[in-house]
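Notes for the one structure printed next.
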Amino acid sequence: MRTSLVFAAILSTTAVAAIAQTAGQRAEQTATVAKAAQGPVTPASADKPQIGDFGFDMAGRDTKVAPGDDFYDYASGTWNRTTEIPADRSNYGMFHVLQDLSREQTRTILEEQAKRPGSKSGDFYASFLDEAGVNAKGIAPVQPWIQAIKAAPSKAALATEAGRMQRRGVGTLFNVYVNQDDKNPDRYILQLSQAGLGLPDRDYYLKDDPKLAANRTAYQAYLAQMLTLAGEKDAAARAAAVFNFEKDLAGIHWTRVESRDADRTYNSLTFDELRTRGTGYPWDEYLGALGVKATGSLLVAQPSALTGEARVWSGTPLPVLRDHLLLRTLSSYARYLPKAFDDARFAFYGTVLAGTPEQQARWKRGVDLVDAQIGEDLGQAYVAKYFPPESKAAADALVRNVIASMGDRLKKLEWMAPETKQKALVKLAAFTPKIGYPDTWRDYSALTIKRDDLVGNVARANEFEFQRNLDKIGAPIDRGEWFMTPMTINAYANPTMNEIVFPAAILQPPFFDPKADPAVNYGGIGAVIGHEISHHFDDQGRKYDPSGKLAAWWTPQDVSRFKVFTDRLVAQYDAYEPLPGQHVQGALTLGENIADLAGLTVAIDAYHRSLGGKPAPVIDGTTGDQRFYLGWAQVWRTKYREPILRQMLLSDPHSPGMQRANVVRNLDPWYAAFGAKPGQKLFLDDQQRVRIW
């Protein structure tokens, strides 16, 4: 289980960024950040922050709004009204500002590499940019796969093809991967979870909602379109049959709330038990094609869904199963096929489901593709150019300060038993912070990349990564492994490794600017650091002991007291209604909401610690604590198109940006800083505020 800072804010795309650059590069970055933030452009200077006078865009506020009524709007209301979502975005905010900048920088690297045949990243990028060559090949690159799927004479043979296609990156009936054993984190183990759906969540198939019903109709039309583009007959009827098959799977799937429970999703089975539980599915053929040695044991996340999926699959006619795998293949590779396939996929997933009017420029998608497929090859060049050692050192110091503040909080905690508290302090002391980039880069020498073979490049890169993951079984734990590239605008906590990880790209404005006021930095990257630290103590992360083992190390009384706090937080977020009739799911977003609350709680302590007993200066009429909370709110400036917000509320474990900014209503120092009063919309009396850490 790894928990990240954001998900839908940037979807699957990544980007690069830098803190220390040449004067010319800093000037370009300053203009980009300021324009997106709708704030004043600060000239490049060694002494000035890149946003505003002290690191916050004061012009983006709406001071007609009382902070106690809507802190998000007070801090970002003018920005929200004057900022337009770009046509190639489903949502837009400060994460995207960094992403846009980072892509530009990465593009510079890739275009230089593409001039030198033999560079894996450069050749991969060139193969994607060659749109004319892709169109000229038609579907010939995937035709052998299509023929093999259509010619499968039996369900056993089709399961073999499913295993082969899954190695190439095509989603099938199950997710299969290798990770640490949660109850024995010193070993790797094969893990399996539910899959098989083409829509974002089971609710899209099952929920009685007019908007979702329209999505279902559009999805069937998309499936029929893909079959037609591939030259298949009776497309509408075949698409409807595939949809009904997926709907049957959806009815068996666990909900996202159920699937985030670390205890419920830990189920150890032998492979013989897998065959028994999943009667009706050809496991030996499927696992053999995947390259899995079916010996020992594995972990199954949703055992009842495993049984149900196997039953539905075995009861479905072979032609429908062939079409399901065929459509999964076409949809997975549509972005690397002729324009008609790419456009059809975007029209559904980009426009219908996310509300995005226009496809992103091909070079942007090329940057994202290379990052996703061989990101550490690209990352080496990025780090060398944009992330100097002094940036890493500055972030290391900030992390140490926030960890120390979390330790102080734990020591003073009144509701936790002394024996649990002592183990919690041991766990905190054992943290491994990873900053910027891995110490050892991934070796891609065995991967073949060709400038004129886009589909082949994607398939080979997927197979390379699948096999690299599979090869972990029986090997020592690689504690230096990263699960994000240096160019990623994100961060994550990994409880089995007991680590917090901050890629280089997030260590820049508005999160961190060495020239900004410290209060803004602590409200930005400091709270992000606190967020990731506290994930190790949220409702699921707390279940992992100091060694990273899933174990019951809290007393029953501690668990009960903690649940009182978290139940109140669930109820608080359940009341938020970002769209008419559609609320935030407090239980689904609980881990992230706990982390936001705890991150801010710890980060303001760290900020006060950094002052060394001296009073914070007043800048532009703002106190240090005010600037701290404004720094937090600035990070979560985000605008959404309705379809993507609907999708997030149904399936994303993160609350929307407005609710993340307004978590301050639980924090006593925020009330002191902004004078929120009874009767104002965000005001909570002393007994209503949720205080955990």
Side-chain angles (χ1 to χ4, degrees), residues 1-4 179-189 191 257-268 297 299-301 399 402-434 477 479 483 492-501 529-570 587 590-599 601-602 605 653 690-693:
M1 181 185 78
R2 289 184 295 275
T3 310
S4 64
N179 206 347
Q180 287 169 273
D181 184 336
D182 294 65
K183 292 191 176 181
N184 185 6
D186 289 330
R187 73 161 183 164
Y188 289 114
I189 190 169
Q191 306 193 25
V257 173
E258 293 168 333
S259 294
R260 67 178 297 272
D261 188 319
D263 293 314
R264 290 190 62 185
T265 54
Y266 186 92
N267 303 281
S268 179
S297 61
L299 298 180
V300 174
V399 168
V402 178
I403 288 177
S405 294
M406 183 67 176
D408 289 343
R409 280 272 165 183
L410 286 170
K411 291 172 186 175
K412 298 174 184 176
L413 208 58
E414 295 181 355
W415 60 263
M416 183 177 279
E419 59 268 35
T420 309
K421 188 183 300 185
Q422 184 56 42
K423 292 176 183 176
L425 289 166
V426 171
K427 178 174 181 175
L428 184 67
F431 273 9
T432 300
K434 293 179 178 177
I477 299 299
R479 299 195 175 276
F483 298 97
Y492 70 89
N494 185 351
T496 52
M497 288 278 196
N498 205 22
E499 66 184 9
I500 49 176
V501 184
I529 293 166
H531 174 107
E532 298 305 336
I533 291 171
S534 65
H535 266 313
H536 289 275
F537 301 97
D538 68 19
D539 68 307
Q540 300 304 316
R542 69 158 187 83
K543 298 176 180 179
Y544 294 80
D545 71 12
S547 70
K549 180 180 179 181
L550 182 62
W553 59 282
W554 284 30
T555 69
Q557 294 78 15
D558 290 328
V559 174
S560 295
R561 285 189 286 262
F562 185 74
K563 191 173 185 302
V564 171
F565 296 132
T566 59
D567 284 350
R568 289 170 56 200
L569 202 61
V570 168
L590 178 58
E592 299 301 327
N593 299 335
I594 292 171
D596 284 348
L597 178 60
T601 299
V602 172
D605 287 355
V690 181
R691 306 179 186 91
I692 301 177
W693 299 112

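- A pairwise comparison of heavy atoms in Pro546 and Val426 identifies CB-CG1, 4.0 Å as the closest pair.
- Side-chain contact between Phe431 and Glu499 is absent, with no heavy atoms from C-beta onward closer than 4.5 Å.
- Under the 4.5 Å side-chain criterion, counting only non-hydrogen atoms from C-beta, Ile189 is in contact with Ser297.
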Carefully, step by step, assess Ile477 and Thr496 under the rule side chain to side chain contact (heavy atoms under 4.5 Å, CB included).
-> CA-CA 11 Å; Ile477 299 299; Thr496 52; over 6 Å; no
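- Looking at heavy atoms from C-beta onward, Val690 lies out of side-chain contact with Asn593 at the 4.5 angstrom threshold.
- Between Arg479 atom CZ and Asn498 atom CG the span is 9.0 Å, to the nearest 0.5 Å.
- Between Tyr492 and Phe483, the two ring planes are perpendicular [angle over 60°; tilted spans 30° to 60°].
- A donor-acceptor pair shorter than 3.5 Å cannot be found between the side chains of Asn494 and Tyr544.
- Rounding to the nearest 0.5 Å gives a distance of 13.0 Å between CD of Glu592 and CG of Leu597.
- Under the side chain to side chain donor-acceptor pair (under 3.5 Å) criterion, Glu419 pairs with no residue, sequence neighbours left out.
- For the atom pair CG of Asn184 and CG of Leu550, the computed distance is 11.5 Å after rounding to the nearest 0.5 Å.
- Ala424 meets the side-chain contact (heavy atoms from CB on, under 4.5 Å) test with Leu410, Met416, Phe537, Trp553; sequence neighbours excluded.
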Might you work through the side chain to side chain contact (heavy atoms under 4.5 Å, CB included) test for Trp693 and Asp605, ending with a clear yes or no?
-> CA-CA 12 Å; Trp693 299 112; Asp605 287 355; over 6 Å; no
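- Note that NE2 of His536 is 10.0 Å distant from CE of Met406, once rounded to the nearest 0.5 Å.
- In this structure, the side chain of Gln540 engages the main chain of Ala262 through a donor-acceptor pair within 3.5 Å.
- With contacts defined as side-chain heavy-atom distances shorter than 4.5 Å, the pair Val602/Ser534 does not qualify.
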Side chain to side chain contact (heavy atoms under 4.5 Å, CB included) between Ile500 and His535, worked out | CA-CA 9 Å; Ile500 49 176; His535 266 313; over 6 Å; no
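- Under the salt bridge (charged side-chain N to carboxylate O under 4.0 Å, His left out) criterion, the residue pairs touching residues 540-566 are Asp261-Lys543, Asp263-Lys543, Asp558-Arg561, Lys563-Asp567, with sequence neighbours excluded.
- Looking at Asp539 and Arg260, their side chains come closer than 4.5 Å, going by heavy atoms from C-beta outward.
- Between the side chain of Gln557 and the backbone N or O of Trp415 there is no donor-acceptor pair closer than 3.5 Å.
- In this structure, CG in Leu428 is found 6.5 Å from CD1 in Ile533, a value given to the nearest 0.5 Å.
- Distance check: Asn179 CG to Tyr188 OH gives 8.0 Å after rounding to the nearest 0.5 Å.
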